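Presented below is the structure to which this report refers.
Predicted model, so just to flag it, every value in this text is computed and none were measured. Computation of the quantities below employed the complete heavy-atom set of this structure, encompassing side-chain atoms and omitting hydrogens, waters and symmetry-equivalent molecules. Atoms within each ligand, like the ligands themselves, are counted from 1 in listed order.
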Amino acid sequence: MTKQGVAIPDNRRRIRLGLRAQILLGLAAVTLIAILTTGFLALWAAGNTLRAHRETEAVTLASAAARMASALVDRHGEIASYESREQLQAALSSLSERSGGIGFSVLSADHSVIAAWPPRSARDVDPPIANSVVAGIPPVLQYRNSPGDGATQLLAYAGIEVKGRVVGAARAVLDAPAPVQVVLRRSGWLLLGLVCADALLVLSLGYFVLTQMVVRPLREMERATAQVGVGDWDQHIDLSGPSELSALARAFNQMTSSLATQREQLIRSEKLASVGQLAAGVAHEIGNPLAAILGYVDILRADAASAGRLPDAERRDALDRVKAETQRINRIIRDLLEYSRPSHEEPSLIDPLLVVRSAQALLAPQARFREVRITVTPEGSSWPAVMVSQGRMTQVLVNLLLNAADAMDGKGQVAVTCESVAGRVRIAVGDEGPGIARELRRKVFDPFFTTKPPGQGTGLGLSISRSIVESYGGTLEQDPEAARGARFVIDLPAAASSSGTQELAP
Ligand code: ADP
């Protein structure tokens, strides 16, 4: 905002993500959250199972050590001989090797170590726990940090029974790293692979579904709307996608067909307005030949009443003049009728020179064209063909010529020229009037913009002429470099005939 509170348009270019990219980003975020949550739950469950499994294993190992010891100690918990101690130590060593336990020890009721593997693993006995085992009271499981490296260890105790009496305790020590870490260490890569594959699958499916169901129909709609924007009103979208988009397509189709109908009506009513103007001119114009005809008829009647005193040649001359004037009236009315009749509006291959000639013929009898000279260049040979409706193009030229005559107050020269440039045909209508003020150059094409007095202008001529030309893939512009007066240029694609694009004869 400026100090005066006027908003300044933000001209910085913003990067706008497409609909598909935005939805896919959202989908990626949701997928990630879903995968992380599920992964965490799965890890937690796997960790719990692992922990339970490890505790069972520890108890089993401690019980196995206790059973071995019970066979070698007496009922006071004493080891019978040196050999028995060696034997027990060897049994503990082999149990440790087979099971992966990191230490086993056998204690008497007074906590003295009877045997241990490895030998120093019995130094850290926890007397209260050992006591409670000997007394037959749980707990038999204990987690602790290793006195050496601080790693977590699981300790399981089992009572040594001799003849139904607990005479000591056996202890198994196992490594017990955090279960989640263990699961990750074992299957981390597999999990990562699954996560990536899952995300890839969701994103590619999302991409495919979005492209098929949303992006493609929207592109089709964008294309059709752009076509309507350049004057191609015959746009019909056929969509079998999601119901919302089909409803949008139906609404679009209804809109284009109703716009096309309204446009047809507008073109027709503008044409009728120009027919009205021309008819007023014609009514005035046929007064002269009618007066001449009446004069000749009076002469011939008087001659008939006086029993034919006129020489034959004069009588024939009077009759020829009557015929010529009647033919002139007939031609004027026929041209006007032809112009006002709803014409065949389908485009066909047309020589623009013929269109110029028919517009000229229609306007020639008009009083306001009496002192207007229309020059047509090049003359005498056909112009490059264009694909248009002859009736519509005549309407455009009549409009431009009427405007030119009005601008020159019915006096001056109008130059109609045609040139062919790079596959385009350019027809220009230039007059010697005052031209169009720079600030009005765009406005004159606005519907209902007119500078003419009420009843003389509808303000629709140029806007409808432009829309007609655009519907044939052309443009109607004002030449900003016109040397004098106003110059309007119709630019149309040259129609490719079977022998290629027709060129102007030199
Ligand atoms: P209308 O002729 O009914 O006014 P148009 O759309 O044909 O409607 O023209 C709009 C306005 O453009 C005219 O009122 C006039 O002011 C201006 N104009 C059109 N053609 C010319 C011309 N050849 N010279 C000067 N002004 C023109």
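Distances below 4.0 Å separate heavy atoms of Gly435 from the following atoms of ligand 1: 25 (C). Interface of Gly457 with ligand 1, defined as ligand atoms under 4.0 Å from a residue heavy atom, comprises 3 (O). Taking every heavy atom of Phe449 and a limit of under 4.0 angstrom, the matching atoms of ligand 1 come to 10 (C), 11 (C). Residue Thr450 approaches ligand 1 through these ligand atoms, each under 4.0 Å from one of its heavy atoms: 1 (P), 4 (O), 14 (O). Residue Ala407 has at least one heavy-atom neighbour below 4.0 Å for each of these atoms of ligand 1: 22 (C), 24 (N), 25 (C). Each of the atoms 22 (C), 23 (N), 24 (N) of ligand 1 lies under 4.0 Å from some heavy atom of Asp431. Listed by number with element, the atoms of ligand 1 under 4.0 angstrom from any heavy atom of Thr458 are 3 (O). When each atom of ligand 1 is checked for a heavy atom of Ala486 under 4.0 Å away, the hits are 22 (C), 23 (N), 24 (N).
Residue Phe488 places a heavy atom less than 4.0 Å from ligand 1. Contact annotation: Gly485 has no heavy atom less than 4.0 Å from any atom of ligand 1. At least one heavy atom of Gly459 sits less than 4.0 Å from an atom of ligand 1.
Residue Leu462 has at least one nitrogen or oxygen atom sitting less than 3.5 Å from a nitrogen or oxygen atom of ligand 1, judged on distance alone.
Note that OG of Ser382 is 8.5 Å distant from CG of Leu354, once rounded to the nearest 0.5 Å. In this structure, Ser465 OG and Phe488 CZ are separated by 9.5 Å, a value rounded to the nearest 0.5 Å. Distance CD/Glu285 to CD/Gln366: 7.5 Å, rounded to 0.5 Å.
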Begin with the C-alpha distance, continue with both residues' side-chain angles, and end with the deciding distance and a verdict on side chain to side chain contact (heavy atoms under 4.5 Å, CB included) for Asp491 and Val421.
CA-CA 10 Å; Asp491 186 303; Val421 188; over 6 Å; no
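The protein heavy-atom contact nearest to atom 26 (N) of ligand 1 is Ile436 CG1, 3.4 Å. Of all protein heavy atoms, the one closest to atom 7 (O) of ligand 1 is Asn403 ND2, 2.8 Å. Atom 16 (O) of ligand 1 has Thr451 OG1, 2.4 Å as its closest protein atom, hydrogens excluded (heavy atom only). Annotation: atom 17 (C) of ligand 1 to nearest protein heavy atom, Val444 CG1, 3.7 Å. In terms of protein heavy atoms, atom 2 (O) of ligand 1 is closest to Lys452 NZ, 2.7 Å.
For Lys452, the NZ atom sits in a packed shell: over 12 heavy atoms of surrounding residues, nucleotides or ligands are nearer than 6.0 Å.
For residues 207-229, the pairs satisfying side-chain hydrogen bond (donor to acceptor under 3.5 Å, both in side chains) are Arg20-Thr211, Glu220-Arg223, Gln227-Asp232, with sequence neighbours left out.
Checked by atom type and distance alone, the side chain of Thr49 pairs as donor or acceptor with a backbone atom of Ala45 at under 3.5 Å.
Cation-pi geometry between Arg321 and Tyr296 is not satisfied (NZ or CZ under 6.0 Å from the ring centre, within 45° of the ring normal).
Side-chain atoms of Leu401 and Asp431, non-hydrogen and from C-beta on, never get closer than 4.5 Å to each other.
In this structure Arg263 satisfies the side chain to side chain donor-acceptor pair (under 3.5 Å) test together with Ser467, sequence neighbours excluded.
When only modelled atom types and interatomic distance are considered, Arg368 and Gln277 share a side-chain donor-acceptor pair under 3.5 Å.
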